[in-house]
Amino acid sequence: MQIEVVNPGESLWAIAKRYGVSVDEIVRVNELDDPTRLTVGQALLIPTDDSVHIVAPGESLWSIARRYGTTVEAIARLNNLASPSQLYVGQRLRIPGPGAKPTIEVNGYLQPSNAERDRSIVAETARYLTYFSIFQYVVQPDGSLQAPNDEAALAAIAPTNAVAMMVITNFKDGTFSPDTARAIFDNAAARAKLIDNVVATLNEKNFYALNIDFEHLYPADREKYNAFLREITARVHQQGKQVSTALAPKASATQVGQWYEAHDYAAHGRIVDFVIIMTYEWGWSGGPPMAVAPIPQVRAVLDFAVSVIPRNKILMGAPLYGYNWTLPYRPGGRFAPTVGPKAAVTLARDVGAYIQYDYTAQAPFFTYYDNEARQHIVWFEDARSMQAKFDLIKEYGLRGISYWVLGQSFPQNWALLEANFNIKKYG
């Protein structure tokens, strides 16, 4: 699988001829709605034999070797490169025989909405996932649970070889409630009731595992949260099921802020079976425009995480969406709407925008003016940005990847995921 970026004046026919594949194959893997209309800067997946790699902008021999699971020396030797640092865009490199693809776990958060949509999402993504995390079972202060309408989703998951994971949260009134969590932590009866309800639901609905997503906790409740995790994990383990937690993206143990301080990375790494680190939302709908998951920031979080959590317990978070900001950005102004990766490319095409790529953030973006002469900037994900994330998983030797959130069309991601990894299955 190769990634090709469309240049001005290029046609799909010319690209297909250059790689020796058919137009139909490129249309299929990218799910192109109109093959005659390409967008300058658009990244296309090319279904080729990976024995040849065409150098893209920003690539080094080191990054190419890491992608294919080989070494700089092996590629240099096979291609008779006198100076491995002297690569040029468009250069064709022969790649040594394929190494074994890493096997990882893949999680996708699913927010049940209506039965038809839920069944469609499961049908499209089950082959690529280890877990469907059903978001969300909302914890109440008395220990009861407010369940989502997940019957259709669970019924669709059951015959696949993916498994379902139950997600409990401290969500209330559109945000995460530290008071709800504290009510559970401080009241033994409510805590016992909650744990009983969780265990009963896990068994009744045949969930494979539990994900605990308690966010925005009071910093003073850090040890209380750790104690709660020990208590609930012990009970869930008695049922033969696994426990995971969702962690805010911290770059150090001392990072301040209510999203971070009560999440004790080292303790979670000891207590639960695995963690999902939410390495996204640097660019968020209410904040200034930027990449949702810029690679330098993700790397800083992973550097800290692997220092205190076993690597085989870490799922790195990745977004399946971007945002469309209206400029100029004003704090407290209109929130940026979400845009899916495929929809973002279609928008760029329709407004005549050129897609650019930030090689530091490893993310695509474009700007345009709407019908009211307002300027917009759109940051989103494409094949290049996802390959950069897959490379991190390989580099750090992580357990796998976790997607927030299923439902946006992004066919390139799934094809590229399968090209990079074997996906672990429990179903």
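For the single chain, residues carry numbers from 1 onward in sequence order. Everything quoted here is computed from the prediction, not taken from an experiment.
A donor-acceptor distance shorter than 3.5 angstrom exists from the side chain of D273 to the backbone of V243, with no hydrogens or angles considered. Side-chain atoms of D358 never come within 3.5 Å of backbone atoms of A363 as a donor-acceptor pair (strictly under, hydrogens ignored). Judged by distance alone, with hydrogens and angles left aside, the side-chain atoms of R399 form a donor-acceptor pair with the main-chain N or O of N312 at under 3.5 Å. T39 places no side-chain N or O within 3.5 Å of a backbone atom of Q42 that could act as its donor or acceptor partner. Here the side chain of Y265 pairs no donor or acceptor atom with the backbone of V306 at under 3.5 angstrom. At distances below 3.5 Å, not a single donor-acceptor pair connects side-chain atoms of K250 with backbone N or O atoms of Q255. Without hydrogens or angle criteria, Q412 side chain to A43 main chain gives a donor-acceptor distance under 3.5 Å. Judged purely by atom type and a 3.5 angstrom limit, N30 uses its side chain to pair as donor or acceptor with the backbone of I26. A donor-acceptor contact shorter than 3.5 Å links the side chain of K101 to the backbone of E418. Remark: the backbone N or O of V106 is paired with a side-chain donor or acceptor of T130 at under 3.5 angstrom.
Between R37 and D350, at least one side-chain nitrogen of the basic residue sits less than 4.0 Å from a carboxylate oxygen of the acidic one, meeting the salt-bridge criterion. The pair D179-K172 does not count as a salt bridge, with every side-chain nitrogen at least 4.0 angstrom from each carboxylate oxygen.
Residues Y128 and N413 form no side-chain contact, since every pair of their non-hydrogen atoms from C-beta on lies 4.5 Å or further apart. At least one side-chain heavy atom of Y396 sits under 4.5 Å from a side-chain heavy atom of D303. The shortest side-chain heavy-atom distance between F132 and T125 falls under the 4.5 Å cut-off. A heavy-atom distance below 4.5 Å is found between the side chains of L417 and F421. Here the side chains of L217 and R182 are not in contact, with every heavy-atom distance at 4.5 Å or above. I377 places a side-chain heavy atom less than 4.5 Å from the side chain of T367. Annotation: side chain of V139 is not in contact with side chain of V198 (no heavy-atom distance under 4.5 Å). Using a 4.5 Å heavy-atom threshold, the side chains of L347 and Y368 count as touching.
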Under the side chain to side chain donor-acceptor pair (under 3.5 Å) rule, what do E215 and N170 come out as? Steps first, then yes or no, please. CA-CA 7 Å; E215 300 183 33; N170 59 320; over 6 Å; no
When you look at Y280 and K389, which way does the side-chain contact (heavy atoms from CB on, under 4.5 Å) test go after all the steps? CA-CA 11 Å; Y280 39 76; K389 294 171 179 59; over 6 Å; no
Just do the side chain to side chain donor-acceptor pair (under 3.5 Å) check on N420 and Q387 with the steps written out, would you? CA-CA 9 Å; N420 277 268; Q387 184 62 57; 3.0 Å; yes
Steps toward side chain to side chain donor-acceptor pair (under 3.5 Å) verdict (E59, S63): CA-CA 6 Å; E59 287 190 314; S63 67; 5.1 Å; no
From CA spacing to verdict: side-chain contact (heavy atoms from CB on, under 4.5 Å), T279, L392: CA-CA 12 Å; T279 38; L392 286 181; over 6 Å; no
Residue pair D150, K205: steps toward the salt bridge (Lys or Arg N to Asp or Glu O under 4.0 Å) verdict: CA-CA 10 Å; D150 57 4; K205 296 192 174 183; 2.9 Å; yes
For the pair L210 and T233, evaluate side-chain contact (heavy atoms from CB on, under 4.5 Å) and give the outcome as yes or no after the intermediate values. CA-CA 9 Å; L210 172 68; T233 298; over 6 Å; no
Go through Q146 and Q140 one step at a time and tell me if the side-chain contact (heavy atoms from CB on, under 4.5 Å) criterion holds. CA-CA 7 Å; Q146 179 182 322; Q140 304 301 305; 3.7 Å; yes
Quick one: do D213 and Q136 satisfy side chain to side chain donor-acceptor pair (under 3.5 Å)? Show the steps, please. CA-CA 9 Å; D213 184 10; Q136 56 184 321; over 6 Å; no
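Separating the OG1 atom in T245 from the NE2 atom in H263 is a distance of 7.5 Å, to the nearest 0.5 Å. How far OG1 of T201 is from CE of M166: 4.0 Å, rounded to the nearest 0.5 Å. To the nearest 0.5 Å, atoms OH (Y19) and CD (E25) are separated by 14.0 Å. Rounded to the nearest 0.5 angstrom, F135 CZ and N211 CG are separated by 9.0 Å. Interatomic distance, CD of Q408 versus NZ of K342, reported as 12.0 Å (0.5 Å rounding). Here the CG-CD1 distance, from L154 to I134, works out to 5.0 Å after rounding to the nearest 0.5 Å.
The two atoms that bring Y323 and G283 nearest to each other are CE1-O, 3.4 Å, heavy atoms only. Minimum interatomic distance between K241 and F207 (heavy atoms only, all atoms of both residues): NZ-O, 2.7 Å. In this structure, I184 and P141 approach most closely via the heavy-atom pair CD1-O, 3.7 Å. Of all heavy-atom pairs between P296 and A361, the closest is CD-CA, 4.1 Å. Closest non-hydrogen pair, N149 versus D118, comes out as O-OD2, 4.3 Å. Closest approach of R222 and A253 over heavy atoms only: NH1-O, 4.3 Å.
Other residues, nucleotides and ligands contribute more than 12 heavy atoms inside 6.0 Å of the OH atom of Y359. Under a cut-off of 6.0 angstrom, the local environment of CH2 in W62 is crowded, with over 12 non-hydrogen atoms contributed by other residues, nucleotides or ligands.
With L327 as reference, Q375 is the one residue of Q375, H376, R374 to meet the side-chain contact (heavy atoms from CB on, under 4.5 Å) rule. For the side-chain contact (heavy atoms from CB on, under 4.5 Å) with D391, the qualifying choice from M386, Q362, R66 is R66, the only one to do so. With H268 as the partner, the ring pair (Phe, Tyr, Trp, His ring centres under 6.0 Å) test is satisfied by one option alone out of F214, F274, F228, Y225: Y225.
Taking the six-membered ring for Trp and the full ring otherwise, F365 and W325 have centroids separated by 6.0 Å or more.
Aromatic ring orientation, Y426 versus Y208: parallel (interplanar angle below 30°, classes split at 30° and 60°). Aromatic ring orientation, H216 versus F176: parallel (interplanar angle below 30°, classes split at 30° and 60°).
Cation-pi geometry between K394 and Y68 is not satisfied (NZ or CZ under 6.0 Å from the ring centre, within 45° of the ring normal).
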